[in-house]
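So the structure is just underneath, and the comments pick up after that.
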Amino acid sequence: MPELPEVETIKRDLFKRILNHKIRLVEIRDKKIVKSNNFVKKLIGNEIKGIERRGKLLIFVLKNKEYLLVHLKMTGQLMFKAKNKSGNVIGGHSLTKMEDNFSEKFTRVVIDFGVGKLFFNDMRRFGYMKIVGEEEKEKIITKDFGIEPLTPDFTWDKFNKLFNKRTTSIKAFLLNQKIIAGLGNIYADEACFCAGIKPDRQVNNINLEEIKKLFKCIPKILQLAIKNRGTTFNSFVDGDGQKGSHFNFLKVYGRHKEKCKRCSEKIKKIRLVGRGTHFCPGCQK
DNA sequence: GTGTTTGTTATCAA
DNA sequence: CTTGATAACAAACA
């Protein structure tokens with residue numbers, strides 16, 4: 001599940017690979033993935049001049065000031081494979097099996113940059129790609145997303161105000177992209193552990209001290225996960241097709257029935273907001 | 001065959 | 001209009 005740290009890792013990887021290379025060919029293998037018209041035509045001959053991120057959404061800035069938006073949803077992957085001297089992508093032989101974290105079994109779109117190809121793979125087909133103009137891009141990044149952690153926009157004043165008059169669980173609050181952008185199921189659970197808050201607590205019952213802890217925990221958790229190049233649980237790979245190493249740093253997510261690293265109590269798993277939710281009964285109140 | 005996995009949105013309710 | 005709760009979607013795997 002690519003969340004903010006995973007998407008950020010991909011962004012940084014692709015920056016080094018695909019910037020300023022003219023797009024030669026675009027192959028759509030699954031029409032469902034592409035959500036805008038004239039997709040191939042708009043890309044061929046174009047260049048990517050920058051890569052931005054808003055929450056879990058990747059924004060490729062095109063030379064003609066249009067924007068290629070890519071959302072990986074649950075199982076999306078974006079990986080660049082360089083070409084060798086004979087013009088074939090390295091490691092791109094198998095069409096069916098996973099070899100070296102790479103197969104074309106679930107490849108939905110391929111963008112050929114001459115120096116290599118960018119593969120959009122997505123087993124579950126929840127992800128999408130679309131090209132939009134300046135106006136629509138601005139509308140999306142302002143309307144659909146809340147405060148962006150890891151930017152100057154994430155201030156104590158703004159964060160604290162978000163807790164006013166809300167009547168939902170802290171877990172649902174953290175998962176809501178319109179409130180805070182970029183947290184998903186893994187990092188929402190991790191943030192709650194870090195702040196010592198049980199995920200089913202109501203937002204209006206969380207005290208100032210706890211809000212302060214959350215304010216510190218959210219960037220801290222995300223930064224560490226980025227440093228470890230993201231969490232690979234099922235399908236996440238970075239822009240080069242490699243796994244992230246943050247899995248072993250997780251305190252609660254995926255550690256059901258295991259001992260808490262801090263207090264040795266058994267990690268519990270419940271269902272909240274329709275999501276698997278992990279917490280430590282000893283550390284979280 | 002069944003349950004489980006989750007990011008987002010549609011839908012309905014208040 | 002805003003907020004919240006819930007189901008639905010998709011496909012593979014244990």
Side-chain angles (χ1 to χ4, degrees), chain A residues 1-8 10 29-35 53-59 69-78 96-98 101 103-109 120-130 132 139-149 161-192 199-206 222 225 230-237 244 246-247 250 252-257 267-279:
Chain A
M1 302 73 72
E3 304 178 28
L4 188 152
E6 290 75 32
V7 177
E8 180 64 24
I10 291 171
R29 297 187 189 174
D30 185 341
K31 279 195 247 172
K32 182 183 182 290
I33 299 298
V34 176
K35 306 283 191 189
R53 179 187 55 72
R54 186 78 169 94
K56 304 165 194 168
L57 181 69
L58 274 170
I59 304 162
L69 308 184
V70 181
H71 204 300
L72 302 170
K73 293 283 183 87
M74 285 189 61
T75 55
Q77 304 174 323
L78 264 186
T96 52
K97 288 179 299 192
M98 282 299 258
N101 293 331
S103 95
E104 295 184 41
K105 189 176 178 187
F106 302 118
T107 297
R108 312 298 180 190
V109 177
F120 180 94
N121 303 331
D122 190 1
M123 180 181 83
R124 303 271 286 273
R125 302 161 76 224
F126 273 23
Y128 66 81
M129 294 180 124
K130 72 173 174 183
V132 298
K139 202 173 115 189
I140 289 169
I141 66 174
T142 52
K143 188 176 87 23
D144 295 346
F145 298 93
I147 193 167
E148 183 73 37
K161 279 200 178 78
L162 295 173
F163 287 76
N164 290 344
K165 285 198 231 167
R166 289 206 178 256
T167 58
T168 186
S169 67
I170 185 65
K171 170 100 183 201
F173 176 90
L174 294 172
L175 286 177
N176 188 336
Q177 302 299 298
K178 288 189 165 75
I179 302 175
I180 303 163
L183 295 178
N185 208 33
I186 297 172
Y187 299 108
D189 282 2
E190 293 296 313
C192 287
D200 62 352
R201 287 266 304 282
Q202 289 297 113
V203 168
N204 50 324
N205 289 331
I206 291 175
L222 296 174
T231 302
T232 296
F233 206 80
N234 293 315
S235 59
F236 169 71
V237 290
H246 192 63
F247 178 72
L250 298 177
V252 285
Y253 184 88
R255 302 194 67 251
H256 179 42
K257 290 180 183 169
I267 302 298
K268 271 196 173 167
K269 182 176 178 183
I270 57 171
R271 187 151 288 269
L272 204 63
V273 207
R275 297 292 175 258
T277 299
H278 316 69
F279 68 97

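First the proteins, then the strands, lettered A, B, ... as listed; each starts at 1.
Of the candidates dA8(C), dA11(C), dT3(C), dA8(C) carries the atom nearest the R275(A) side chain, counting heavy atoms from C-beta on. In the set dG7(B), dG4(C), dT4(B), dG7(B) carries the atom at the smallest distance from any side-chain atom of K56(A). Comparing atom distances between the T168(A) side chain and each of dA12(C), dA5(C), dT3(C) picks out dA5(C) as nearest. Distance from the side chain of M74(A) is smallest for dT6(B) among the nucleotides dA11(C), dT6(B), dG7(B). Relative to the side chain of N185(A), the nucleotides dA12(C), dT6(C), dG7(B) differ in distance, and dG7(B) lies closest. For R125(A), taking side-chain heavy atoms from C-beta onward, the closest of the listed nucleotides dG4(C), dT6(B), dA11(C) is dA11(C).
Within the 4.5 Å cutoff, no side-chain heavy atoms of Y253(A) are placed close to those of Y187(A).
Counting only residues at least two apart or in different chains, salt bridge (charged side-chain N to carboxylate O under 4.0 Å, His left out) contacts with residues 163-177 of chain A comprise K171(A)-D189(A). Under the salt bridge (charged side-chain N to carboxylate O under 4.0 Å, His left out) criterion, no residue pair touches residues 177-186 of chain A, with sequence neighbours excluded.
Regarding contacts with the backbone of dT6(B), a side-chain N or O of Y253(A) is found under 4.0 angstrom from either OP1 or OP2. Contact check, R124(A) against dC9(C): no side-chain N or O comes under 4.0 Å of OP1 or OP2. Contact between the side-chain N/O atoms of T75(A) and the OP1/OP2 oxygens of dA11(C) is not found at any separation under 4.0 Å. Side-chain nitrogen and oxygen atoms of T167(A) include at least one within less than 4.0 Å of the OP1 or OP2 phosphate oxygen of dG4(C).
Whole-Å rounding puts the L175(A) CG to dG4(C) C1' distance at 14 Å. Between the P atom of dC9(C) and the NZ atom of K35(A) lies a distance of 14 Å, rounded to the nearest Å. Counting to the nearest Å, the P atom of dC13(C) and the CE atom of M123(A) are 7 Å from each other. Between the CE atom of M1(A) and the C1' atom of dC9(C) there is a distance of 17 Å, given to the nearest Å. Following rounding to the nearest Å, F233(A) (CZ) and dT4(B) (P) show an atom-to-atom distance of 15 Å. For the pair K171(A) NZ and dG4(C) C1', the interatomic distance rounds to 17 Å; values are reported in whole Å. Whole-Å rounding puts the L272(A) CG to dG4(C) P distance at 14 Å. The interatomic distance linking F163(A) (CZ) with dG4(C) (P) rounds to 12 Å, in whole Å.
Checked by atom type, the side-chain pair T167(A)/N204(A) shows no donor-acceptor distance below 3.5 Å. With 3.5 Å as the limit, one finds a donor-acceptor pair spanning the side chains of D122(A) and T75(A).
Among the protein residues, G276(A) comes within range of the sugar-phosphate backbone only, with heavy atoms under 4.0 Å from sugar or phosphate atoms but none that close to a base.
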